[in-house]
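What follows is a short report on a single structure.
For the single chain, residues carry numbers from 1 onward in sequence order. In what follows, every heavy atom counts, from backbone to side chain, and hydrogens, waters and symmetry copies are set aside.
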Amino acid sequence: MDASKNTAPSVIRLHDPEPACVVGPIRCRLAKSRADYHEAFSLVYRRYVAVGLIPRNPLGVRIAPQQLRQECRVLVAEASGSIVGTVSLVADGGEGLPVDRLFPGSVDGLRLKGHRLMEVGCLVSIDDSGRFPSRVYLALTRATIQRARRGGFDRMIASVHPRHAKFYERAMGFQRLTEAVPYDMVGGHPAVCVAGSANDAGDYRQPWRRHFFDHAGLDDTTPGDGMSPMDLHYFERLKSIIDGSWPGIKRRAA
């Protein structure tokens, strides 16, 4: 794809409706294709729009800046051949973590102690039961913990709504590191920073310990490459269109 041209990229259109109920086993794996990424970003968009976290856009996808970084890996949950959930995982690296922008200095103490950090974000699932946590959420969380352990990360970091932080603290032994602040990436809704262990099963209460630690090897979360250069360029252009910064938009509007 020639980056010098201002023709708009062809947008993948996915017309399959969301299943009313998730049936069968749920397996998690790394996103491997442009269609995987597009379906994941579309699912985040639909869920975030539905609860008022982001405005609508004509492309029907939500692409966070960190999802276009080399350190990011996108996991998808599948059931009966359909993607029913996704989560994005960012390894701490030269650019730091997304949490560093929202909560400056919040995780520096963990770094100084030698902890390897992985930030968890953009977690959405199709709720197949009306209960929390759903089967999809449990599968994605289990896969996230497996991915962290296999990648050598011992602390998982997340920015979550204060009411969700209570679940992480009580059920999973996470620690709240900050006070709540408005988060511009989710419409100014409040967020706090929490951190938890990827290795110490004793931090987790039952039945969560059983869900997250007693099923090793079920998911394809082994280390692998992230988004290809071609797909990265494609989604960078989609994001620039959504943000209104694509040169072709300005030319036509002039």
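Counting only heavy atoms from C-beta outward, the side chains of Arg29 and Leu75 never approach each other to under 4.5 Å. Residues Ile63 and Tyr45 form no side-chain contact, since every pair of their non-hydrogen atoms from C-beta on lies 4.5 Å or further apart. Here the side chains of Lys32 and Val76 are not in contact, with every heavy-atom distance at 4.5 Å or above. Side-chain contact between Cys122 and Thr86: absent, with no pair of heavy atoms (C-beta onward) separated by less than 4.5 Å. Contact of the Tyr204 side chain with the His211 side chain is not registered, since no non-hydrogen atoms from C-beta on lie closer than 4.5 Å. Counting heavy atoms from C-beta on, the side chains of Arg62 and Met185 come closer than 4.5 Å. Side-chain contact between Ile157 and Leu110 is present, with heavy atoms from C-beta onward closer than 4.5 Å. Residues Phe235 and Arg34 meet the side-chain proximity criterion, which asks for heavy atoms closer than 4.5 Å.
Residue Gln175 places its CD atom among 12 or fewer non-hydrogen atoms of other residues, nucleotides or ligands, all under 6.0 Å distant.
The shortest heavy-atom contact between Val74 and Ala40 is CG1-CB, 4.1 Å. Here the closest non-hydrogen pair linking Leu68 and Leu232 is O-CD1, 3.3 Å. His189 and Val186 make their closest contact through CD2-O, 2.9 Å (heavy atoms, listed as atom of the first residue, atom of the second, distance). Closest approach of Ile145 to Phe212, counting heavy atoms only: CD1-CB, 3.6 Å. Nearest heavy-atom pair, Gly60 versus Asn57, reported as atom, atom and distance to 0.1 Å: N-OD1, 2.8 Å. Across all non-hydrogen atoms, the minimal contact from Ala139 to Ile26 is CB-CG2, 3.7 Å.
At distances below 3.5 Å, not a single donor-acceptor pair connects side-chain atoms of Ser42 with backbone N or O atoms of His38. At least one donor-acceptor pair closer than 3.5 Å links the side chain of Ser197 to the backbone N or O of Asn199. Not one N or O on the side chain of His115 forms a donor-acceptor pair closer than 3.5 Å with the backbone of Leu117. Of the possible polar contacts, one joining the Gln67 side chain to the Ala64 backbone as a donor-acceptor pair under 3.5 Å is found. The backbone N or O of Gln70 sits less than 3.5 Å from a side-chain atom of Arg73, completing a donor-acceptor pair.
By the salt bridge (Lys or Arg N to Asp or Glu O under 4.0 Å) test, Arg176 is found to be paired with Glu169, residues two or more places apart in sequence or in another chain being considered. Residues satisfying the side chain to side chain contact (heavy atoms under 4.5 Å, CB included) test with Gln206, not counting sequence neighbours, are Arg209, Arg210. For the salt bridge (Lys or Arg N to Asp or Glu O under 4.0 Å) test, no residue two or more places apart in sequence or in another chain qualifies with Glu236. By the ring pair (Phe, Tyr, Trp, His ring centres under 6.0 Å) test, Tyr37 is found to be paired with no residue, residues two or more places apart in sequence or in another chain being considered. Residues satisfying the ring pair (Phe, Tyr, Trp, His ring centres under 6.0 Å) criterion with Tyr183, sequence neighbours excluded, are absent altogether.
The distance from the SG atom of Cys28 to the CG atom of Leu140 is 4.5 Å, given to the nearest 0.5 Å. One finds the OG1 atom of Thr141 at 9.5 Å from the CH2 atom of Trp208 (value rounded to the nearest 0.5 Å). Note: Ser228 OG to His233 NE2 = 11.5 Å, rounded to the nearest 0.5 Å. Between Cys72 atom SG and Met227 atom CE the span is 7.5 Å, to the nearest 0.5 Å. Summarising the geometry, atom CG belonging to Leu238 is positioned 6.0 Å from atom CG belonging to Leu59; distances are rounded to the nearest 0.5 Å. Between Ser88 atom OG and Arg69 atom CZ the span is 11.5 Å, to the nearest 0.5 Å.
With respect to Asp154 and Arg149, no salt bridge is recorded, no charged nitrogen being found less than 4.0 Å from a carboxylate O.
For the side chain to side chain contact (heavy atoms under 4.5 Å, CB included) criterion with Leu89, the lone passing option out of Met118, Met156, Glu119, Glu71 is Met118. With Val194 as reference, Val160 is the one residue of Val120, Val160, Leu177, Thr178 to meet the side chain to side chain contact (heavy atoms under 4.5 Å, CB included) rule.
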Yes or no on side chain to side chain contact (heavy atoms under 4.5 Å, CB included) for Tyr48 and Val124, after CA distance, side-chain angles and deciding distance? CA-CA 9 Å; Tyr48 278 26; Val124 298; 3.6 Å; yes
Could you pull out every donor-acceptor pair under 3.5 Å between side chains of residues 96-109 and any protein atom, sequence neighbours left out?
{"residue": "Asp100", "atom": "OD1", "partner": "Arg111", "partner atom": "NH1", "Å": "3.2"}
{"residue": "Asp100", "atom": "OD1", "partner": "Arg111", "partner atom": "NH2", "Å": "3.4"}
{"residue": "Asp100", "atom": "OD2", "partner": "Leu97", "partner atom": "N", "Å": "2.8"}
{"residue": "Asp100", "atom": "OD2", "partner": "Arg111", "partner atom": "NH2", "Å": "2.7"}
{"residue": "Arg101", "atom": "NH1", "partner": "Asp184", "partner atom": "OD2", "Å": "3.3"}
{"residue": "Arg101", "atom": "NH2", "partner": "Asp184", "partner atom": "OD1", "Å": "3.1"}
{"residue": "Ser106", "atom": "OG", "partner": "Phe103", "partner atom": "O", "Å": "2.8"}
{"residue": "Asp108", "atom": "OD1", "partner": "Arg111", "partner atom": "NH1", "Å": "2.9"}

